[in-house]
Amino acid sequence: MRRRDDLAVHNERVKLYVTISNAVGLAFFGLGVARPLADGTVPVTAWVICHLAVAGVMVGNAYISLGRLETEAQDLDRETRK
């Protein structure tokens with residue numbers, strides 16, 4: 001029973017990290033790329049490209065981090081190999 005609680009805690013922490021990383025990436029995109037381009041106030045500059053790059057890295061990092069979610073089946077496979 002204890003292992004199941006550890007598994008749930010691990011998965012919730014991964015999901016929390018993914019949510020925060022995705023939100024930061026979307027904020028960088030919205031505030032640094034979409035809004036200036038929609039307002040027409042800022043031409044495409046290095047600053048806008050930097051925000052776009054950070055947004056891409058953060059959202060990509062969130063997507064990759066979803067692979068760290070674990071299931072009980074993975075744990076059973078590891079225990080049978082030992």
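The CG atom of L16 sits 12.0 Å away from the OG atom of S65 when rounded to the nearest 0.5 Å. To the nearest 0.5 Å, atom CG of residue L66 and atom NZ of residue K15 are 10.0 Å apart. Rounding to the nearest 0.5 angstrom, the gap separating the NE2 atom in H51 from the OG1 atom in T45 is 9.5 Å.
At a threshold of 4.5 Å between side-chain heavy atoms, the hydrophobic network of Ile, Leu, Val, Met, Phe, Trp and Tyr places F29 and I49 in one connected group.
Counting only residues at least two apart or on different chains, no salt bridge (Lys or Arg N to Asp or Glu O under 4.0 Å) pair has a member in residues 45-68.
Checked against F28 for a side chain to side chain contact (heavy atoms under 4.5 Å, CB included), the options V54, V59, V57 give a single hit: V54.
Without hydrogens or angle criteria, N11 side chain to E70 main chain gives a donor-acceptor distance under 3.5 Å.
Summarising the geometry of L7 relative to T71, their closest heavy-atom pair is CD2-C, 3.9 Å, with the distance given to 0.1 Å. Smallest separation of non-hydrogen atoms from P36 and G30: CD-O, 4.4 Å. S21 and M58 make their closest contact through OG-O, 2.9 Å (heavy atoms, listed as atom of the first residue, atom of the second, distance).
Under the rule for a side chain to side chain donor-acceptor pair (under 3.5 Å), the partners of Y17 that lie at least two apart in sequence or sit in another chain are N61.
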